[in-house]
Amino acid sequence: MAESQTIGVFGAGWVGLVTGGCFAELGHEVIVRDVVPDRIAALQAGRMPFHEPDLPDVLARNRERIRYTLDAGDLADADALFVCVQTPPTYSGDADLSFVWSALDDLPRVDRRQVLVMKSTVPVGTGEKVRAALEARGLTNVGYVSNPEFLAEGHAVRDFLAPDRIVIGAFADEDGAGVEALYSRIAAPVVRTDVASAEMIKLAANAFLMTRISFINEIANVCEAVGADVVEVAQGVGLDHRLGPHFLRAGIGYGGSCFPKDSLALKQLASNSGYHFQLLAAVIEVNELQKRRVIQKLQKHLGRLRGKKVALLGLAFKAGTDDMREAPSLVLASRLLAEGAEVRAWDPVARPGELMKGAVLSDSVLEAVTGADAAVIVTEWDELRGLASAEVRDAMTRPLIIDGRNLLDPEETRRAGFAYEGIGRQSSAFESLPETPEPSERVSG
Ligand code: UGA
């Protein structure tokens, strides 16, 4: 393919807009198609449907090269058609491919060769199924390539334009070469392989990242029992070049739109073929238990949680995004409410709506912690680095901080007059806190 190509994108969601915007940034003509009229109208008017740093600038800068449309017929001009639709988990844990099939239904019929490129995360074997479906429909001029995305929310534009690698799995060499040429302005290793291996690379990479997180979380839990500090341990372990420093931050478990869904899909994919993926099953279970450990930490200090006021600080599944899908905050809030606690919640950008029914939303950190028996750092927002202040201490009924992200310095926080519990670090002696009065003993008003 020549330098500047025309690229069609199915789906104006997060992956579709990052892909479309970044290809325009690389000099290609881009047509983004979605089935939701409001979304297309908003994009045409220059409004962003979600929060992703740098993306608004990329889309605005390349306005001349990006078209948004509802009409799949407009994709007839495209040389490559990127499929960037959702693949949510079904009831059985498999990936739901119905949006992928609708994209196939809408493929424009053209005479020249087009390449369908799968960016969405799909089970291994999807490419083979799509190829069969294309053949059954007589679309023999449409090639198929698997080109998984490795974009993390909060720095997706950087991940696209400066990736660690570009993975391209193709049935026909010429299709793989065509897709590789689209990325020619990016200097990154290119892995050219078969379709099934490309699909597996994506699932295996995510599963390995999750394994590292659950591993360090379990090391953290052991650190608590034996008096070691997991932050120090992770640093010492990560300096081994065979291990590396990434994804060794202990915390309250992973969440988001990818890890929980992809781990279930891979586990299911293995079981469908008769293989029990034991390690992955353990990784998932450790993550579920990790989210709940905060409750035990609160109980250790506060006794029964009924009537206690707990401030959840940070609701997004990680900092830098307003995404609350599978966020640990959701599990924490519902566990606390089930224990009869009063939940106050604060986040600088995430708005939970119905997702956190029963919790009271606060406009500021200070409002959330006022009168609280404990403050829990759930998301590592920079705004929370100064939490251990005199103002916060005086506002709280009990100056207890549970730091689910090891964001604060334990010693400084204790010096500032707080009882402090991190994850995998020495905790404050709980006797140091005054006895918790039961709700009936509290003075009202
Ligand atoms: C993840 C991968 O990082 C991307 O490479 C991948 O493309 C994407 O999923 C996807 O499959 O589409 P994302 O879910 O946006 O990206 O977020 P991450 O930054 O990877 O974080 C995932 C979760 O792990 C967060 O809840 C985060 O708090 C947690 N985490 C991460 C830890 O608890 N500890 C760590 O050391 C790192």
Side-chain angles (χ1 to χ4, degrees), residues 11 13-16 18-19 50-53 55 84-89 95 118-123 147-160 162-167 199-220 230-231 233-235 237-238 243-266 283-284 286-288 290-291 293-294 314-332 350 377-381 403-407 422-424:
W14 179 76
V15 175
V18 173
T19 301
F50 46 75
H51 175 83
E52 178 61 41
L55 187 57
C84 303
V85 297
Q86 315 164 47
T87 53
M118 186 60 71
K119 267 265 170 235
S120 304
T121 303
V122 291
N147 173 219
E149 53 92 2
F150 298 98
L151 311 171
E153 289 183 34
H155 43 82
V157 169
R158 185 196 73 195
D159 290 346
F160 192 101
D164 289 346
R165 77 306 208 183
I166 295 164
V167 174
E199 292 168 341
M200 193 60 176
I201 288 170
K202 166 66 193 221
L203 294 177
N206 271 3
F208 198 18
L209 292 170
M210 285 176 259
T211 304
R212 285 177 71 101
I213 297 171
S214 280
F215 176 80
I216 201 67
N217 281 339
E218 287 216 286
I219 292 289
V230 75
V231 176
V233 172
Q235 197 188 359
V237 168
L243 300 171
H246 303 289
F247 277 68
L248 287 179
R249 269 180 289 118
I252 48 172
Y254 59 76
S257 63
C258 303
F259 282 0
K261 165 178 84 79
D262 292 354
S263 55
L264 282 181
L266 179 55
V283 165
I284 295 167
V286 167
N287 195 56
E288 282 312 310
Q290 196 67 14
K291 294 182 205 165
R293 278 178 73 86
V294 168
L315 305 175
F317 81 97
K318 64 175 188 177
T321 173
D322 58 357
D323 197 341
M324 286 186 60
R325 282 176 286 178
E326 302 292 331
S329 62
L330 294 173
V331 172
L332 275 180
I377 298 180
V378 186
T379 312
E380 66 281 24
W381 288 111
D403 183 356
R405 301 289 187 162
N406 290 338
L407 192 69
I423 305 290

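As the structure is a prediction and not an experimental result, all values here were calculated from the model. Order of listing sets the numbers, starting from 1, for every ligand and every atom in it.
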Would you please determine whether [X] falls within less than 4.0 Å of ligand 1 on a heavy-atom basis?
{"X": "Gly255", "result": "yes"}
{"X": "Ala152", "result": "yes"}
{"X": "Met210", "result": "no"}
{"X": "Arg405", "result": "yes"}

Check whether Phe317 forms a cation-pi arrangement with Arg325 (NZ or CZ under 6.0 Å from the six-membered ring centre, at most 45° off the ring normal).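 Not satisfied by the 6.0 Å and 45° rule.
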
Give a yes or no on whether [X] atom [atom1] has more than 12 heavy-atom contacts from other residues, nucleotides or ligands under 6.0 Å away.
{"X": "Phe50", "atom1": "CZ", "value": "yes"}
{"X": "Gln235", "atom1": "CD", "value": "no"}
{"X": "Phe215", "atom1": "CZ", "value": "no"}

Using a 4.0 Å heavy-atom cut-off, which part of Lys202 comes near ligand 1: side chain, backbone, both, or neither?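 Near ligand 1, Lys202 shows its side chain, while the N, CA, C and O stay back.
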
Could you tell me whether Asp262 approaches ligand 1 through its side chain, its backbone, both or neither, with non-hydrogen atoms closer than 4.0 Å?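 The answer is the side chain.
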
Which option out of Lys318, Arg249, Glu153 puts a heavy atom nearest to atom 17 (O) of ligand 1?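 The residue whose heavy atom sits nearest atom 17 (O) of ligand 1 is Lys318.
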
Going by distance only, is there an N or O of Asn206 that falls short of 3.5 Å from an N or O of ligand 1?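 Between Asn206 and ligand 1 (N or O atoms, distance only) the closest approach is under 3.5 Å.
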
Between ligand 1 and Thr121, is the shortest N or O to N or O distance under 3.5 Å?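 Thr121 vs ligand 1: no N/O contact under 3.5 Å.
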
Which protein heavy atom lies closest to [atom], and at what distance to 0.1 Å?
{"atom": "atom 8 (C) of ligand 1", "answer": "Leu151 O, 3.3 Å"}
{"atom": "atom 30 (N) of ligand 1", "answer": "Ile213 CD1, 3.4 Å"}
{"atom": "atom 2 (C) of ligand 1", "answer": "Phe259 CE1, 3.7 Å"}
{"atom": "atom 9 (O) of ligand 1", "answer": "Cys258 CB, 3.3 Å"}
{"atom": "atom 20 (O) of ligand 1", "answer": "Phe247 CZ, 3.3 Å"}
{"atom": "atom 23 (C) of ligand 1", "answer": "Tyr254 CB, 3.6 Å"}
{"atom": "atom 25 (C) of ligand 1", "answer": "Phe317 CD1, 3.6 Å"}

salt_bridge(Lys202, Glu149) N-O dist < 4.0 Å: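 Result for this pair is yes, salt bridge flagged.
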
For the residue pair Val231 and Arg249, establish whether any side-chain heavy-atom pair is separated by less than 4.5 Å.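 With C-beta onward as the side chain, the pair stays apart.
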
Is the closest side-chain heavy-atom distance between Ile423 and Ile252 below 4.5 Å?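 In contact.
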
Could you pull out the closest heavy-atom pair between Thr19 and Phe160, with the gap in Å?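 Heavy-atom minimum between the residues: CA-CE1, 3.8 Å.
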
Distance alone, cut at 3.5 Å: any donor-acceptor contact between the side chains of Trp14 and Glu153?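 No - no donor-acceptor pair under 3.5 Å links their side chains.
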
Passing option when Lys291 is tested against Val331, Asn217, Leu330 for side chain to side chain contact (heavy atoms under 4.5 Å, CB included):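 Result: among Val331, Asn217, Leu330, Val331 is the only option passing the side chain to side chain contact (heavy atoms under 4.5 Å, CB included) with Lys291.
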
